[in-house]
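The first residue of the sequence shown is numbered 1, and numbering continues consecutively from there.
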Amino acid sequence: MQLTTENYVFSAKAKRISIGLILVGIISVAVGFFTGNTDRTWANLLVSNYYFVCVALGGLMFVAIQYVANAGWSVGLVRIPSAFSAVQPIAAIMLFAVVGGGLYYHSLYHHWADPDLVNPASENFDRIIAGKAAYLNVPFFLIRLALYMIVWGMFGYWLRKISLKEDIEGGLDKYKKSIRISAAFCVIFGFTVPLFAFDMMMSTEAHWFSTMFGWYNLASLWVATLATIALTVILLKENGYMQHINENHLHDLGKFIFAFSIFWTYTWLSQFLLIWYANIPEEVSWFYYRWKPEYIWLFWGNIVINFVAPFFLLISRDAKRNVKLLKIVAIIVILGHWLDFYLMVMPGTVGENNGINYIELGTFAGYIGLFMYLMLSSLAKAPLVPKNHPYLEESLHHHI
């Protein structure tokens, strides 16, 4: 009875930390604009906001996969990724504002959004960009972004609403309905996420293209989400919540982080080797800019942080059950995939810079604080355990 009525209380300490981080982010963005680093500030807003949307979307995908797979092990922690998905509407509005502002001030997507690039009479006419103009034009670009956000938000709203109703009404009707909605979402997710990555990230360098890029982003999104779920579970347990989550649940989360870090590396390496082998100038340019002195240490550091660290730290069974070690790896992976997104955007939008500084770190800190505040607020609005879920007992007695 105590378990099924357990609610998270958004403590004053957690609120102070999250609001403090938000203020750090606001100050960093303001200083970035006022010191003349306009392009860099817009680019950092895109990186962090894209990450913000990805983790919220990843939480929804985690919930949907559990329903479609009839998974029982995760029921005791599924309210955490569900709270992630509740953040998505705010993340979507902010992303729309960042993209709109970046387009207006020509700081983002200037490789294709300038009308002169598709005007044959202009001295800036670009034949390659003109060939892509039917897809890469501002109205259609913004319409696609709005459709992604609306459709994903609707699915997140439906699944969370049905889950909360199940707490009250019980029975299997809500569970079966959630499976149907989740199956539809998984199909839509699979088609739209690569397109979302093409639009938001790949089009910052519109001459370049890679058919692997969408799946590469999907892998990054998924690993970052798994690490965020694991870190949230551990922090809640350290504060006295979710004591029903045992080392077997953490082991499973650790296995997923370990496995999908390898999958991320597979997509990274596949994209790299295919472009290296083909040696097509339009493709090689993407890696050329990331091998310049100011980026190359981050380029190879990306592999060390996102593959070498989780692989060797989580390779053993005992490591995946070590709460402190899993917590450290989750933090490493979260920071590592911010770096991954950073490397997708900065060379193409800003070009040469003096490395990661206060604008990058402060902006990301602000988004972490905002995610914390919104996610924990949502988490506090429902019991931590879906008490009428048909597989709850299986989750409570999970053992591997």
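Between Tyr50 and Phe196, the ring-plane angle classifies as parallel under the 30° and 60° cut-offs. Taking the six-membered ring where the residue is Trp, Trp268 and Trp264 present tilted rings, their angle falling between 30° and 60°.
With hydrogens and angles disregarded, a donor-acceptor distance shorter than 3.5 Å links the side chain of Ser28 to the backbone of Val24. Side chain of Lys292 to main chain of Tyr288: no donor-acceptor pair is present (N/O by atom type, distance under 3.5 Å, no hydrogens or angles). Looking at Arg79, its side chain never comes within 3.5 Å of a backbone N or O of Leu379 through a donor-acceptor pair.
Residues Tyr175 and Asn70 have side chains that bring a donor and an acceptor to within less than 3.5 angstrom of each other. The closest side-chain donor-acceptor pair between Ser270 and Trp215, if any, does not fall under 3.5 angstrom. Using modelled atom types, one finds no donor on one side chain facing an acceptor on the other under 3.5 Å when comparing Tyr51 with Asp340. The closest side-chain donor-acceptor pair between Asp126 and His207 falls under 3.5 angstrom. Residues Asp39 and His110 have side chains that never bring a donor and an acceptor to within less than 3.5 angstrom of each other. Checking Glu360 against Asn44 by side-chain atom types alone, a donor-acceptor pair falls below 3.5 Å. If you check the side chains of His249 and Asn246, you find a donor sitting under 3.5 Å from an acceptor.
A 6.0 Å sphere centred on NZ of Lys177 holds no more than 12 heavy atoms belonging to other residues, nucleotides or ligands.
A salt bridge does not link Arg321 to Asp318: none of the charged nitrogens lies less than 4.0 Å from a carboxylate oxygen. The pair Glu205-Arg290 counts as a salt bridge, with a side-chain nitrogen and a carboxylate oxygen less than 4.0 angstrom apart.
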Is there a side chain to side chain contact (heavy atoms under 4.5 Å, CB included) between Leu195 and Tyr148? Walk through the geometry before answering. CA-CA 9 Å; Leu195 295 175; Tyr148 299 146; 3.2 Å; yes
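Contact of the Leu335 side chain with the Phe364 side chain is registered, since non-hydrogen atoms from C-beta on lie closer than 4.5 Å.
With Met372 as the partner, the side-chain contact (heavy atoms from CB on, under 4.5 Å) test is satisfied by one option alone out of Thr232, Leu235, Ile22, Leu21: Leu21.
A cation-pi arrangement is found for Arg144 relative to Phe140, the charged atom lying closer than 6.0 Å to the ring centre and inside a 45° cone about the ring normal.
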